[in-house]
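Remember, predicted model here, so these are calculated numbers, not experimental data.
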Amino acid sequence: KNCLVTTINMGAPWRILVLVWRSLWCSAVSYPQRLLLRDEVLAMQRHAWEAYWRHGHPYDEVMPLSCAGRRWDQRMRGTLDDSLGGYLLTLVDGADALAVSGEADAFKRALRTIVEELRVDADVSVSTFEATIRVLGGLLSLHTVTTDPRLVRRLQIDDATSIADRLLELARDLAERLLPAYATPTGIPTHRVNLRRGALPGESKETCAAAAGTATLEFGRLSRLVGDSKFEVAAFRAVDALWSRRSKRNLVGSTINTHTGAWTQHATGIGAGVDSFYEYLVKASTYFDDDDLKGRARSAIDAVTNETTFKHQHTGLEWNAIVDAHSGNVHSLRVSALGAFWPGLLATDGQLRRAKTAFSAFWALWRKYKALPDLFDLPGNKPVSFARDSPLRPELAESALLLYLATGGDAHYLVVGRELIFALNNYSKVPCGYAAIADVERPARLDDRMDSYFFSETLKYLFLLVDLSLDPKDRLSIFCAEQRHCRPYYDLDEEDSVAAAGGLQEDLPGGSVVDADDADDASSFHVDPAALLPGKKGKGKNVDTRRRHRKEAAANYERNPPHPPRKNHTNAKLPRRSGNGVLPDDLACLADEDDLPAPRQRKKDRRKEKKKDLPAACDPTRCMPMDEVIFSTEGHLFDMRHRDLRGTHFGPFGGPPYDQELG
């Protein structure tokens with residue numbers, strides 16, 4: 001059934017046969033297999049959502065083994081339950097994954113429930129970090145979807161404007177309730193905040209660098225939407241406070257006192273406690289086009305690479321040690337599953353060779369257990385006793401997706417995706433969703449948890465990994481295909497080429513032509529369809545594919561109409577139609593449409609017929625280019641429409657352009 005088949009208990013002939021079969025099956029992922037894998041991820045998503053709707057709603061999460069909702073007012077897991085706030089956590093966090101995968105009906109159901117039922121004023125103390133990245137980020141991502149006319153059209157969202165207004169209202173309400181956490185002497189937010197009563201006396205004054213420095217995208221986006229800078233200012237003040245307290249090695253510690261600014265834990269690496277701090281330095285620098293942040297991101301990544309990277313003496317794999325931020329001395333050689341985001345971040349930063357090397361280490365560890373233990377001890381070559389679980393984390397799938405895109409489609413990462421999909425179905429699937437693995441050395445032992453990030457990230461990244469490898473006609477995601485993949489679908493006549501190139505030939509009173517500079521840029525959404533059109537020899541002057549020649553193409557169209565008079569009417573002087581398009585009665589004998597030159601309306605009808613066959617992934621009015629969005633640390637969509645994207649391209653999730661020519 002998959003590449004996880006074992007040959008231990010087989011005889012020699014059968015073992016050889018199975019090994020040959022595995023080498024053929026597992027060496028690559030054929031196109032039919034990719035189609036099946038994409039559909040399998042959709043089935044997984046539907047299974048998980050059905051479990052939530054049936055057993056979890058209206059609570060924050062569903063417990064897949066108990067088949068019951070996890071209540072925010074009945075906490076049983078200590079700090080692990082700090083993410084629960086009675087605010088439809090799974091629904092808000094994971095709804096945009098339904099939009100990304102094109103599940104319009106399921107998405108609209110989730111959207112309607114959020115708008116009608118969500119409240120953020122429960123008397124409960126929540127993790128400032130989790131509430132920001134999961135709930136605030138989820139609301140803002142949904143706002144992105146419901147305010148983008150291309151996605152509104154694609155998903156057929158009714159009353160999108162009022163829905164978007166309500167989402168923004170909820171997002172601002174939540175952010176106002178989170179702001180008291182930032183009212184500390186240093187500006188570094190407290191770890192927890194009460195949604196109704198603010199920062200409570202006696203609350204812990206210790207937090208980690210990742211929690212304190214991962215709000216710039218969410219708060220910055222909100223400030224730009226509501227026109228109030230206080231949210232962005234608070235988030236950047238926290239980042240400044242952390243960065244100003246870095247060591248001379250440009251490393252930050254793991255935990256810090258929010259009131260004194262003193263580091264309480266100097267050990268640092270790329271895993272728990274610091275991971276998303278580095279991630280947001282990179283992504284925020286792109287999102288805000290901030291040169292200062294770009295410098296910080298470069299310094300931080302170089303410091304982590306230089307100070308923590310080492311090669312394992314037996315396996316030759318490269319890992320990142322946990323070191324003292326000040327002295328650089330090795331603190332421990334433990335690998336955090338959260339650190340699997342690092343290869344993807346390196347790919348985002350353009351360091352492809354290092355990214356592939358780092359990924360190979362995590363992939364080797366995953367293959368050992370068919371899961372990543374939360375904490376693995378390299379010297380002992382075994383999981384740490386108190387962190388043997390694997391809670392359906394998304395980081396390895398995220399890095400596989402980013403590396404697949406950054407390498408221009410390296411099939412190895414499709415194999416990775418296939419194995420991750422098989423493992424989830426083989427080990428974690430239960431009647432009420434997908435359960436985390438409680439002990440990677442005994443995968444049959446499951447844990448009664450299915451965190452919201454499984455919906456918002458793990459399934460989303462696996463879906464995109466496979467879907468983006470498909471031909472545009474077979475894709476279901478909301479993202480546009482690369483230009484080179486859409487060329488075969490723009491096989492239009494030259495008369496339609498000009499129209500497809502951004503609306504240059506719009507019918508106006510008097511038969512005038514829209515000037516190229518005055519064409520509605522919103523219709524092209526930073527995608528130049530003219531660049532996708534193959535020139536046709538022998539049919540007059542070709543339409544130049546570059547934007548600066550659009551005006552010339554329009555003028556050429558006006559000088560040389562593509563339809564010469566028909567031969568049977570070369571000498572006939574036909575009357576002009578009246579304003580309502582009706583011929584005078586005394587000329588009814590000429591009213592046979594087959595005997596008249598083709599009117600402009602007929603040209604429009606032909607274009608509409610051709611557009612019906614255009615895949616949504618190649619139709620700039622029904623898809624979103626990936627270089628217009630950055631994915632947050634929780635996998636949420638933050639669009640970049642506040643920036644001028646002409647002539648500047650950002651890749652998926654903030655990295656290099658996904659359709660660039662790779663050396």
Strictly below 4.0 Å, N to O, side chains only: are [X] and [Y] in salt-bridge contact?
X    : Y    : value
D451 : R449 : yes
D349 : R298 : yes
R172 : D228 : yes
E457 : K460 : no
R177 : D173 : yes
E419 : K370 : no
R393 : D374 : yes
E176 : K230 : yes
D290 : K294 : no
D60  : R70  : no

Examine distances only and state if a side-chain atom of [X] and a backbone atom of [Y] form a donor-acceptor pair shorter than 3.5 Å.
X    : Y    : result
R75  : L84  : yes
N257 : T260 : yes
S244 : A241 : yes

Minimum heavy-atom distance between [X] and [Y], given as atom pair plus value:
X    : Y    : value
T216 : A284 : OG1-CB, 3.6 Å
D93  : E634 : OD2-OE2, 2.7 Å
L462 : G417 : CD2-O, 4.1 Å
A267 : I322 : CB-CG2, 3.8 Å
A110 : W53  : CA-CZ2, 4.1 Å
P58  : L88  : O-CD2, 3.3 Å

Centres of the [X] and [Y] rings: under 6.0 Å?
X    : Y    : result
W319 : F362 : yes
W72  : Y59  : no
Y404 : Y461 : no
F236 : F219 : no

In the structure I gave you, are the side-chain heavy atoms of [X] and [Y] within less than 4.5 Å of one another anywhere?
X    : Y    : value
H326 : W263 : yes
V226 : F231 : yes
R192 : F129 : no
Y278 : L345 : yes
E169 : R166 : yes
I256 : I188 : yes
L89  : E61  : yes

E395: what forms a side-chain hydrogen bond (donor to acceptor under 3.5 Å, both in side chains) with it, not counting sequence neighbours? none
Pair D82-V126, side-chain contact (heavy atoms from CB on, under 4.5 Å): steps then yes or no: CA-CA 5 Å; D82 284 346; V126 299; 6.0 Å; no
Show your reasoning for whether salt bridge (charged side-chain N to carboxylate O under 4.0 Å, His left out) applies to D292 and R296. CA-CA 6 Å; D292 181 54; R296 294 183 185 184; 3.2 Å; yes
Taking atom [atom1] of [X] and atom [atom2] of [Y], what is their separation to the nearest 0.5 Å?
X    : Y    : atom1 : atom2 : answer
H259 : T190 : NE2   : OG1   : 8.0 Å
I270 : S336 : CD1   : OG    : 8.0 Å
Y369 : S390 : OH    : OG    : 11.5 Å

Indicate whether the side chain of [X] and that of [Y] have a donor and an acceptor atom separated by less than 3.5 Å.
X    : Y    : value
S276 : T633 : no
T90  : S452 : no
H191 : E203 : no
T264 : E206 : yes
E279 : T214 : no
S477 : D467 : yes

With side-chain contact (heavy atoms from CB on, under 4.5 Å) as the criterion, how do F479 and L637 come out once you've worked through the C-alpha distance, each side chain's angles and the decisive distance to 0.1 Å? CA-CA 11 Å; F479 295 117; L637 286 71; 4.1 Å; yes
Could you go through F631 and V629, starting from their C-alpha distance and side-chain angles, then the distance that decides it, and tell me whether this counts as side-chain contact (heavy atoms from CB on, under 4.5 Å)? CA-CA 7 Å; F631 275 42; V629 295; 4.0 Å; yes
Under 30°, 30 to 60°, or over 60°: which ring-plane class applies to F454 and Y434, parallel, tilted or perpendicular?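 Tilted.
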Should the heavy atoms of other residues, nucleotides or ligands under 6.0 Å from CZ of R196 be counted, would the total exceed 12? yes
Carefully, step by step, assess D447 and I437 under the rule side-chain contact (heavy atoms from CB on, under 4.5 Å). CA-CA 6 Å; D447 194 2; I437 296 175; over 6 Å; no
